[in-house]
Amino acid sequence: MWKLKRTQTCGELRAEHAGKSVVLNGWVDARRNFGNLIFIDLRDRYGRTQVLFSPDRAAALVEQASKLGKEWVVAVRGVVRKRDADTVNAKIPTGEIEVDAVDLEIVNEAKTTPFEVTERINVAEEMRLQHRYLDLRRPTMQRNILTRSKIVHAMREHMDAQGFLDIETPYMVKFTPGGARNFLCPSRLYPGRFFALAESPQIFKQLFMVSGLDKYYQIARCFRDEDLRADRQLEFTQLDIEMSFVQREDVMNVIEGCVVHVWKKVGGVEVPRPFPVITYEESERLYGTDKPDLRFGMKIWDLTDAAPREFKVFGSVIEAGGVVRGLTATGCASWSRKQTDELETYVKGIGAKGLVTLKVEQPQAPPGSLGVLSADCVLAGSAAKFFAPPQAKAIIERAGAKPGDLLLLVADAEEKAASVLGGLRLLLRDKLGLVKPGTFQFCWVVDFPMFEVGEDGSVGAKHHPFTSPKDEFLDVLEKEPMKVKAKAYDLVLNGVELGGGSIRIHRRDVQQRIFKLLGLTEEYTRDRFGFLLDAFEYGAPPHGGIALGLDRVAMLLLGLDNIRDVITFPKTQSTVCLMTGAPGTVTEKQLKELHVRVVDG
RNA sequence: GGGGGUGUAGCUCAAUUGGUUAGAGCAUCGGAUUGUCGAUCCGAAGGUUGCGGGUUCGAGCCCCGUCACCCUCGCCA
């Protein structure tokens with residue numbers, strides 16, 4: 001079937017191997033035919049080696065070699081030959097040598113591939129996903145997979161060295177309400193009952209702490225039946241951690257150490273510690289998001305108290321308790337109407353009512369004229385006329401503006417204004433190229449609110465219902481729940497949420513108060529979480545933990561902008577696998593056995 | 001569910017205001033070629049313009065519907 005087994009890979013031969021007889025196995029990467037003289041580049045995941053078929057050494061092979069097609073799997077026996085100086089290929093590590101073939105075995109032929117297995121050519125992602133096994137043959141994808149493997153190894157190495165135990169938890173669990181939609185698996189033996197695929201190992205890892213296992217970690221798959229994004233898949237992988245007898249800083253220290261280790265070991269990048277810490281409130285106020293990109297400045301400023309109320313857009317919003325806030329686009333005063341319109345279209349798309357633009361210019365008129373602030377600074381734009389001198393002075397100061405800058409203002413309810421400006425800030429980051437590729441700016445966001453109000457007015461947990469409130473709020477939990485801060489923390493890198501965690505509740509009474517605040521009846525919580533509440537009564541230690549999105553870690557470390565490129569077989573945005581066609585149908589017999597009937601379809 | 005973008009040869013793209021037989025590069029196939037490494041040269045083949053309707057003398061282009069992929073809002077405790 002196949003006789004010539006490799007003695008070396010396609011990436012390891014060097015000048016020092018000259019004269020050695022070797023066998024290489026691999027895929028035909030390219031063929032260059034000169035009639036009597038034929039070159040083949042043989043590729044495997046370790047590299048590429050040039051094989052020579054010459055009439056001098058292997059006249060009988062030349063014709064056979066001339067028929068080799070791309071992506072055929074072949075085995076070649078030959079002698080390593082140091083190349084003449086003028087034929088060395090400096091671009092590849094094996095470029096100093098070539099293998100002078102004496103024997104050729106065609107192991108497997110290949111049809112013409114639907115796209116070329118090279119880096120040079122752009123291929124639609126759809127095509128790559130349909131033939132993922134070919135896409136994964138490309139060196140960049142192999143680099144991604146390799147890097148991911150190294151990351152996992154570095155994480156395990158670090159966690160193990162810190163004394164953490166690698167422990168598994170069930171994927172098939174009991175459905176628990178709240179949070180992400182679960183995938184359900186019908187039970188064959190119990191009609192009408194279902195397992196749920198775990199959306200995270202949360203409860204089990206807490207129970208490990210009750211068991212006294214003290215330091216747990218796992219690289220675990222999580223399943224969530226929610227809509228997809230560039231950085232979200234139905235199933236994804238987390239580095240999951242839980243520790244006993246710890247406070248917030250202990251958990252943050254461990255994960256910081258782990259991340260720094262990974263970045264150094266895999267990326268060769270020294271990340272300074274400790275990571276900056278910013279509160280949720282500050283992050284929302286200055287960056288308009290709970291996952292700030294700190295690679296560039298452009299903080300949001302507030303003009304509410306100094307905004308001209310005669311300008312109705314501002315006046316009516318302030319009247320209603322809203323805010324006027326803005327961003328300074330340095331050097332953008334020369335932007336055309338078309339360019340600023342684009343910004344307005346964008347902010348309207350994310351919920352803004354409008355965008356007020358003001359240009360800071362050198363005045364044409366003398367100081368003292370309408371709107372002219374000083375000899376060298378004047379506001380221009382349709383709203384400029386509403387700015388009396390003190391107000392103009394205020395906005396210039398708060399915006400830190402100078403002539404040539406463009407000021408972008410949004411007036412709205414506080415949360416809306418913040419999120420709109422937060423989005424606009426990122427748009428400007430990309431349009432203006434404000435960040436240098438290859439920079440990594442980590443930060444912690446802390447002091448999240450305990451609760452949030454949902455669309456229907458109901459109170460929900462911001463993090464999850466097992467998160468402990470900060471001690472100073474224990475007495476006012478019921479009185480002012482919306483003011484309660486949680487012992488929760490998120491790790492953010494370059495504006496992407498890498499992970500989050502919290503110190504947990506370890507007392508039954510506190511846990512029950514939280515459940516009650518969330519509107520869950522005692523009967524309901526007993527049914528769903530009884531085992532957890534029981535566990536808390538048998539000696540639960542204080543504990544806390546965190547989970548890091550491994551796919552996002554790999555994506556960011558590699559400088560990519562979607563996690564599909566670090567996942568071997570991802571789903572499309574519409575949650576299907578283009579290669580296998582999953583999800584697929586099953587037979588009536590299977591459905592019957594599972595006591596399931598399909599309706600409407 | 002909402003908004004935006006894309007869809008033309010195997011792949012990546014082009015095609016003036018709606019107007020001749022829809023072009024190019026790469027890949028493929030045939031031929032030439034003894035030092036290439038993105039080989040080169042000569043030649044050939046390759047099309048339901050995502051799909052379905054409509055407007056028009058005439059549609060890749062305009063209109064309606066639909067499908068797929070990507071980005072995004074909602075959603076993701």
Side-chain angles (χ1 to χ4, degrees), chain A residues 29-42 48-56 59 62 66-67 69-71 81 83-92 94-95 98 100 111-131 134 176-182 199-200 202 222-234 236 342 345-346 348-352 419-420 423 426-427 430 448 450-452 454-455 458-467 486 488 497 500 502 514 518 547 549 561-562 564 571-576 578:
Chain A
D29 192 54
R31 188 189 72 216
R32 291 176 294 279
N33 188 345
F34 289 82
N36 278 328
L37 192 66
I38 292 168
F39 298 101
I40 298 290
D41 288 337
L42 209 57
R48 208 155 46 105
T49 301
Q50 174 165 287
V51 177
L52 168 69
F53 294 89
S54 78
D56 311 336
V62 169
S66 76
K67 295 203 165 50
K70 286 188 183 181
E71 303 309 321
R81 210 180 72 85
R83 299 200 205 178
D84 296 338
D86 56 334
T87 60
V88 164
N89 182 359
K91 289 180 198 162
I92 56 173
T94 61
E98 63 195 356
D100 203 351
K111 291 206 298 185
T112 303
T113 52
F115 54 86
E116 293 174 64
V117 184
T118 72
E119 306 307 339
R120 295 198 344 264
I121 212 148
N122 290 339
V123 195
E125 194 174 7
E126 204 173 341
M127 195 58 55
R128 294 169 49 204
L129 292 177
Q130 245 174 60
H131 307 274
L134 291 179
T176 51
R181 226 172 263 124
N182 289 88
E199 57 184 86
S200 82
Q202 184 60 37
C222 303
F223 306 88
R224 297 182 186 174
D225 188 5
E226 296 292 343
D227 287 355
L228 269 35
R229 284 284 192 287
D231 58 359
R232 280 171 15 198
Q233 282 277 309
L234 295 183
F236 60 99
E342 259 179 56
T345 306
Y346 170 78
K348 280 183 174 167
I350 54 175
S419 69
V420 166
L426 297 183
L427 181 74
D430 298 335
F448 280 83
M450 191 73 187
F451 304 105
E452 62 188 355
E455 270 177 22
S458 66
V459 175
K462 176 101 183 167
H463 187 55
H464 58 53
F466 316 113
T467 302
E497 182 191 329
S502 62
I514 299 296
L518 291 170
D561 55 13
N562 82 72
R564 293 184 298 276
K571 312 272 184 289
T572 68
Q573 189 160 359
S574 41
T575 75
V576 302
L578 289 181

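Here is how names work: the chains are called A, B, and so on, in the same order as the sequence lines, proteins then strands, and each is numbered from 1. Scope of the values below: all heavy atoms of this structure, side chains included, with no hydrogens, waters or symmetry mates.
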- Task: Looking at every strand, decide which applies to P177(A) at a 4.0 Å heavy-atom threshold: base, sugar-phosphate, or nothing.
- Result: nothing
- Task: In whole angstrom, give the distance that lies between atom CD of E125(A) and atom P of rG7(B).
- Result: 17 Å
- Mind checking side chain to side chain contact (heavy atoms under 4.5 Å, CB included) for N89(A) and listing every partner two or more places apart, or none if nothing turns up? R83(A), K91(A), I92(A)
- Query: If you look at every strand shown and take non-hydrogen atoms under 4.0 Å, does S574(A) touch a base, only sugar-phosphate, or nothing?
  - Reply: sugar-phosphate
- Message: What I'd like to find out is whether the side chain of H131(A) reaches to under 4.5 Å of the side chain of T113(A), using heavy atoms alone.
- Response: no
- Query: Quick one: are D41(A) and R32(A) in side-chain contact, heavy atoms under 4.5 Å?
  - Reply: yes
- Query: Can F115(A) be classed as stacking with the base of rC11(B), given a centroid separation cut-off of 5.5 Å and a plane angle cut-off of 30°?
  - Reply: no
- Item | Set of residues satisfying side chain to side chain contact (heavy atoms under 4.5 Å, CB included) with respect to E452(A), sequence neighbours excluded | K462(A)
- What does N89(A) touch in the nucleic acid at a heavy-atom separation under 4.0 angstrom: a base, only the sugar-phosphate, or nothing? base
- Item | Contact under 4.0 Å: Q573(A) side-chain N or O vs rC71(B) OP1/OP2 | yes
- Report which part of the nucleic acid N33(A) touches: base, sugar-phosphate, or nothing (heavy-atom distance under 4.0 Å, all strands). base
- Query: Do R224(A) side-chain and rC76(B) base share a donor-acceptor contact under 3.5 Å?
  - Reply: no
- Test for a donor-acceptor pair under 3.5 Å between the base of rC37(B) and the side chain of R83(A), counting only N and O atoms. yes
- Please state whether the phosphate of rC69(B), meaning OP1 or OP2, lies under 4.0 angstrom from any side-chain nitrogen or oxygen of R564(A). no
- Task: Can you tell me, in whole Å, how much space there is between the C1' of rU36(B) and that of rC13(B)?
- Result: 29 Å
- Which part of the nucleic acid, if any, lies within reach of N122(A) when heavy atoms closer than 4.0 Å are counted: base, sugar-phosphate only, or nothing? sugar-phosphate
- Query: With sugar-phosphate meaning primed atoms plus P, OP1 and OP2, does V576(A) contact a base, only sugar-phosphate, or nothing at under 4.0 Å between heavy atoms?
  - Reply: sugar-phosphate
- Query: More 5' along RNA chain B: V123(A) or G179(A), using each one's nearest nucleotide?
  - Reply: V123(A)
- Query: Which residues satisfy the salt bridge (Lys or Arg N to Asp or Glu O under 4.0 Å) test with E116(A), sequence neighbours excluded?
  - Reply: K70(A)
- Message: Under 4.0 Å, counting only non-hydrogen atoms across every strand here, what does P114(A) touch: a base, just sugar-phosphate, or nothing?
- Response: sugar-phosphate
- For A230(A), enumerate each residue passing the side chain to side chain contact (heavy atoms under 4.5 Å, CB included) test, keeping only those at least two apart in sequence or located in another chain. N562(A)
- Message: What's L52(A) touching, base or sugar-phosphate or nothing? Going by heavy atoms closer than 4.0 Å.
- Response: base
- Using the C1' atom as the reference point in each nucleotide, state the distance between rG7(B) and rA45(B) in Å, no decimals. 25 Å
- Item | Short side-chain N/O contact from R229(A) to OP1 or OP2 of rC73(B), under 4.0 Å | yes
- Would you please name every residue forming a side-chain hydrogen bond (donor to acceptor under 3.5 Å, both in side chains) with S54(A), sequence neighbours left out? none
Polar-atom pairs under 3.5 Å, protein N or O versus N or O of nucleotides 27-30 of chain B: list them with distances, or write none.
from    : atom 1 : to      : atom 2 : distance (Å)
rA27(B) : O4'    : E116(A) : OE2    : 3.4

- Query: For the atom pair NZ (K67(A)) and CD1 (I38(A)), what is the distance rounded to the nearest 0.5 Å?
  - Reply: 9.0 Å
- Rounded interatomic separation in angstrom, taking NZ from K91(A) and P from rU36(B): 12 Å
